[in-house]
Amino acid sequence: MVGNFVSALERRGEEIAHAIVREQGKPLAEARGELAKACGEARAMVAFACLPQGDVVPAARAGFRNLVLRRPRGVIAAITPWNFPIMTPMRKVAPALVYGNAVILKPSEFTPAAACIAADCARDLLPAGLLQLVIGGADVGAALVSHRRVDGVTFTGSVGTGQQIYHLASTNLAELSLELGGKNAAVIHDTADLGATLDAVTGAAFACAGQRCTAISRVLVRRELYGPVLDGLASRAAQLKVDDGMQPGASLGPMVHGQHRDKVAAMVALGLSEGARLVCGGHALQPRGAESGYFYAPTVLADVKANMRVAREEIFGPVITVQPYDDFSDALAVVNDVDYGLTAALFSGDNAVIQRFLDECETGMIHINHGSVPDNHMPFGGIKHSGVGAYSVGASAVNFYTTEHSAYLRYA
Ligand code: NAD
């Protein structure tokens with residue numbers, strides 16, 4: 001059933017990708033990649049749902065058989081943001097369906113078109129009512145998550161909204177899975193191939209114009225590499241083509257809306273007033289033929305200190321801050337000294353350094369020697385203020401989308 005639904009999405013893939021470019025703004029190639037990832041994750045969930053669930057546990061009493069069973073949780077409310085208009089909705093709809101739930105999806109009011117096409121694909125494939133779509137903003141979302149008939153709330157979005165939803169869902173004691181923001185660091189400690197490292201960091205920082213929860217937004221560099229890293233990041237940022245997402249060769253589209261572009265610009269201005277040094281970017285752009293779009297130049301800020309707000313708060317735009325460190329322990333302390341804990345990347349060939357990062361880095365996802373793109377079948381989520389509850393997709397999703405039942409069978 002869900003496999004057929006995914007195939008239907010793939011058949012309408014170009015329509016979905018074009019809708020994403022029109023509403024969200026990312027380049028067409030990225031929109032196609034987003035759809036492919038959405039379908040890949042959904043197919044992985046189909047496979048996970050075929051794995052054994054539950055357990056047979058030895059009984060403490062003679063004449064008993066003990067079973068741990070799982071059932072669908074019930075009605076799932078899914079609330080999604082604007083940056084991945086098909087991947088995030090499918091990251092909730094697919095696990096909900098494969099584990100036997102009904103799901104009511106409320107996509108972002110800024111990017112509902114892709115979810116509407118997905119719901120249309122499901123119309124003839126799923127039993128009536130199993131997937132429902134509601135369109136609206138915060139008021140609609142709030143009504144949905146606080147409804148007494150909702151058994152589970154899965155939300156992706158900002159920390160502030162996540163806190164409100166935590167509160168709203170508590171009136172009904174609904175189970176929660178919150179995927180929130182990030183302030184993701186890349187630590188460049190030592191690297192045999194600085195060019196490849198900087199390519200990876202640039203990709204992880206500026207894809208989707210930095211509007212990814214897993215975007216790299218802080219770069220911590222061992223002091224010996226500080227100059228070459230700044231030069232390399234600046235030259236790479238300058239080569240990125242900022243344009244209408246439908247234009248061939250566009251590597252960055254616009255910000256999702258004007259208010260968000262202004263927020264990004266304000267954060268850069270704040271960073272400069274705090275003492276950061278502008279290496280490149282730092283201004284809005286008006287590409288020829290797309291003058292009315294909310295474009296912002298890829299921006300690199302140097303000499304950033306760990307206590308500055310640009311180094312601690314999510315910017316969610318094409319901006320990276322760069323700061324040097326002398327000792328790996330200092331770098332690790334800076335990585336961990338933020339409220340967020342979503343993802344982090346380390347570039348190093350030193351085994352002891354890598355092992356320490358795996359043990360001590362306070363993020364839900366950890367990448368060694370590459371950027372921050374996750375696999376389709378791995379648990380996805382964060383700790384600290386970046387997430388609450390079971391991770392979405394991967395093996396962990398079963399914990400949110402099903403309930404657990406301990407059964408005691410007396411047979412003698
Ligand atoms: P947002 O929190 O403003 O809105 C997200 C969704 O919540 C929208 O559908 C919105 O209508 C709805 N909403 C708003 N107020 C609500 C309320 N009181 N009750 C119920 N629903 C409500 O987020 P955004 O601006 O759309 O997205 C950007 C944020 O999302 C960033 O902070 C980013 O880091 C985060 N994000 C996190 C992940 C992740 O997996 N961790 C992924 C993508 C985006």
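Everything quoted here is computed from the prediction, not taken from an experiment. Counting starts at 1 for both ligands and their atoms, following the listed order.
- Only side-chain heavy atoms of E109 come within less than 4.0 Å of ligand 1; its backbone N, CA, C and O stay farther off.
- Polar contact with ligand 1: present for Q164 (N/O pair, distance under 3.5 Å).
- Evaluated for a side-chain hydrogen bond (donor to acceptor under 3.5 Å, both in side chains) with T402, the options R71, R73, R70 yield exactly one hit, R70.
- Counting only heavy atoms of the protein, atom 6 (C) of ligand 1 lies nearest to T80 O, 3.5 Å.
- Of the possible donor and acceptor atoms, one in the side chain of K183 sits under 3.5 Å from a partner among the backbone N and O of V310.
- The shell of residues lying under 4.0 angstrom from ligand 1, judged by heavy atoms, includes S108.
- In this structure, F84 falls outside the shell of residues with a heavy atom less than 4.0 angstrom from ligand 1.
- Salt bridge absent: E34 and K37 never bring a charged side-chain N and a carboxylate O closer than 4.0 Å.
- Taking a cut-off of under 4.0 Å to the non-hydrogen atoms of W82, the atoms of ligand 1 that pass are 24 (P), 25 (O), 26 (O), 27 (O).
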Exercise. Could you go step by step and tell me if D120 and R123 meet the salt bridge (Lys or Arg N to Asp or Glu O under 4.0 Å) rule?
Worked result: CA-CA 5 Å; D120 195 41; R123 198 190 295 269; 3.0 Å; yes
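- Using a 4.0 Å cut-off between heavy atoms, F110 makes no contact with ligand 1 at all.
- Less than 4.0 angstrom separates some heavy atom of G141 from each of these atoms of ligand 1: 19 (N), 20 (C), 21 (N).
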